[in-house]
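Take a look at the structure set out below.
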Amino acid sequence: MVYREPRDATGMLALAIALVAIIGLAIAMPSLLPASTRRLVGLGPHRVAPAVPVTTTGPYAFLGHQNGDQDVPVGYDPCSRIALRINPQGAPPDGVALVRTAMAEVERVTGLRFDYQGITHQRPHWSSAYVPTVLGRPQSTPALVSWATAGEVDQLAGNVAGIGGSVAVADGDRVRYVTGGITLDRDYFTSIDGTEQGRREELAITLHEFGHLVGLAHVHDDAELMNADNVGLLHYGPGDLEGLAKIGAISCD
């Protein structure tokens with residue numbers, strides 16, 4: 001006669017309930033699962049919010065492309081929020097509000113979402129005009145918006161009102177941006193601050209650099225805010241909006 005210990009029916013029931021709850025949560029909110037796990041269980045990519053429809057057309061360019069495909073940009077995972085902090089040292093009095101206004105507009109035209117994590121004392125460092133230097137693990141480092149002078153950030157030398165860009169990492173068969181930065185020229189912002197027109201120009205410059213942060217490159221068209229030169233535009237043009245919508249519409253991890 002073989003003796004078997006009696007099963008704990010209560011424990012088995014609790015385990016079954018927990019498994020059902022986990023599976024239900026994964027189905028309802030698959031973005032909580034790692035990309036590899038979603039693919040393994042057949043949930044595939046999942047979008048937190050619908051992509052912004054493309055309603056305008058015009059010239060635009062991306063800073064990076066997937067596998068050399070000019071139509072598929074490198075961008076942030078649209079199913080994850082972009083962590084961001086602000087260092088207001090040297091900023092105009094309303095510098096934080098200015099950045100948050102630009103953030104809200106970029107969210108509106110891309111469908112991307114930012115996770116504003118407050119004020120920091122971190123200072124900017126840049127490898128080039130489009131790639132900040134990250135002093136830590138990029139995936140866990142929030143993007144930084146700050147103000148500086150050319151004495152601190154070489155890329156601000158000359159007639160440069162700001163720089164912006166992001167750090168890309170390989171994620172399986174694709175490349176993703178995981179953090180980035182925007183550094184605005186402290187002296188130029190000081191020189192134009194204090195008037196309504198100056199405020200509008202400050203916002204336009206900030207929007208331009210946010211365009212770089214999420215993946216847009218310069219274009220040579222006077223109707224686009226992503227023109228390399230300041231031609232007096234105060235908002236994104238039709239090509240900018242088309243490119244930004246496409247950046248927000250890439251597939252999730």
Side-chain angles (χ1 to χ4, degrees), residues 63-64 74-107 110 112-171 175-193 198-199 201-217 226 244 247-248 253:
L63 285 172
V74 175
Y76 285 89
D77 179 0
C79 291
S80 300
R81 290 181 176 268
I82 304 169
L84 182 145
R85 294 176 180 169
I86 301 172
N87 184 337
Q89 181 181 341
D94 60 349
V96 172
L98 174 74
V99 173
R100 300 202 66 177
T101 297
M103 286 168 55
E105 180 60 10
V106 173
E107 289 184 332
T110 62
L112 298 172
R113 293 293 178 264
F114 289 96
D115 175 18
Y116 174 57
Q117 298 187 354
I119 301 302
T120 179
H121 296 295
Q122 179 185 349
R123 297 304 301 161
H125 303 275
W126 289 83
S127 302
S128 69
Y130 299 112
V131 182
T133 302
V134 178
L135 307 178
R137 185 171 180 268
Q139 291 89 335
S140 58
T141 302
L144 173 67
V145 180
S146 60
W147 284 257
T149 65
E152 181 179 10
V153 175
D154 293 342
Q155 289 79 7
L156 292 174
N159 189 28
V160 178
I163 54 176
S166 288
V167 176
V169 300
D171 179 18
V175 178
R176 293 284 194 197
Y177 292 133
V178 293
T179 189
I182 293 172
T183 302
L184 303 165
D185 188 275
R186 185 193 71 186
D187 292 342
Y188 187 73
F189 270 65
T190 298
S191 71
I192 64 174
D193 191 53
R199 161 74 184 192
E201 186 177 348
E202 288 173 341
L203 180 58
I205 295 168
T206 308
L207 287 171
H208 177 103
E209 301 309 333
F210 263 101
H212 289 319
L213 177 76
V214 299
L216 285 185
M226 296 311 296
L244 289 165
I247 284 172
D253 283 339

Heavy-atom pair of closest approach, residues [X] and [Y]:
{"X": "Pro93", "Y": "Asp193", "value": "CD-OD2, 3.5 Å"}
{"X": "Pro88", "Y": "Ile119", "value": "CD-CG2, 3.6 Å"}
{"X": "Arg113", "Y": "Glu107", "value": "NH1-O, 3.3 Å"}
{"X": "Arg85", "Y": "Thr120", "value": "CB-CG2, 3.8 Å"}
{"X": "Glu152", "Y": "Arg123", "value": "OE1-NH2, 2.8 Å"}
{"X": "Gly248", "Y": "Pro78", "value": "O-CB, 3.7 Å"}

Return the [atom1] to [atom2] distance between [X] and [Y], rounded to the nearest 0.5 Å.
{"X": "Ile163", "Y": "His212", "atom1": "CD1", "atom2": "NE2", "answer": "10.0 Å"}
{"X": "Ile82", "Y": "Asp115", "atom1": "CD1", "atom2": "CG", "answer": "10.0 Å"}
{"X": "Tyr177", "Y": "Asp171", "atom1": "OH", "atom2": "CG", "answer": "14.5 Å"}
{"X": "Asp185", "Y": "Ile192", "atom1": "CG", "atom2": "CD1", "answer": "9.5 Å"}
{"X": "Ser127", "Y": "Gln155", "atom1": "OG", "atom2": "CD", "answer": "8.0 Å"}
{"X": "Glu105", "Y": "Arg100", "atom1": "CD", "atom2": "CZ", "answer": "15.0 Å"}

Please answer whether the main-chain N or O of [Y] pairs with a side-chain N or O of [X] as donor and acceptor at a distance below 3.5 Å.
{"X": "Arg81", "Y": "Phe114", "answer": "yes"}
{"X": "Thr179", "Y": "Ala143", "answer": "yes"}
{"X": "Ser80", "Y": "Asp77", "answer": "no"}

By side-chain contact (heavy atoms from CB on, under 4.5 Å), Ile182 pairs with (sequence neighbours left out) Val145, Leu184, Glu209, Phe210, Leu213

Residue from Thr133, Asp154, Thr183 passing side chain to side chain donor-acceptor pair (under 3.5 Å) with Trp126: Thr183

Determine whether Val153 and Trp147 satisfy the following criterion, side-chain contact (heavy atoms from CB on, under 4.5 Å), listing intermediate values before the conclusion. CA-CA 10 Å; Val153 175; Trp147 284 257; over 6 Å; no

Return the set of residues passing side-chain hydrogen bond (donor to acceptor under 3.5 Å, both in side chains) with Arg199 (not counting sequence neighbours), or none when no residue passes. Asp94

Where do Leu63 and Val74 land on the side-chain contact (heavy atoms from CB on, under 4.5 Å) test, with the steps shown first? CA-CA 7 Å; Leu63 285 172; Val74 175; over 6 Å; no

Beyond-backbone contact of Leu156 with Thr149, side-chain heavy atoms, under 4.5 angstrom: no

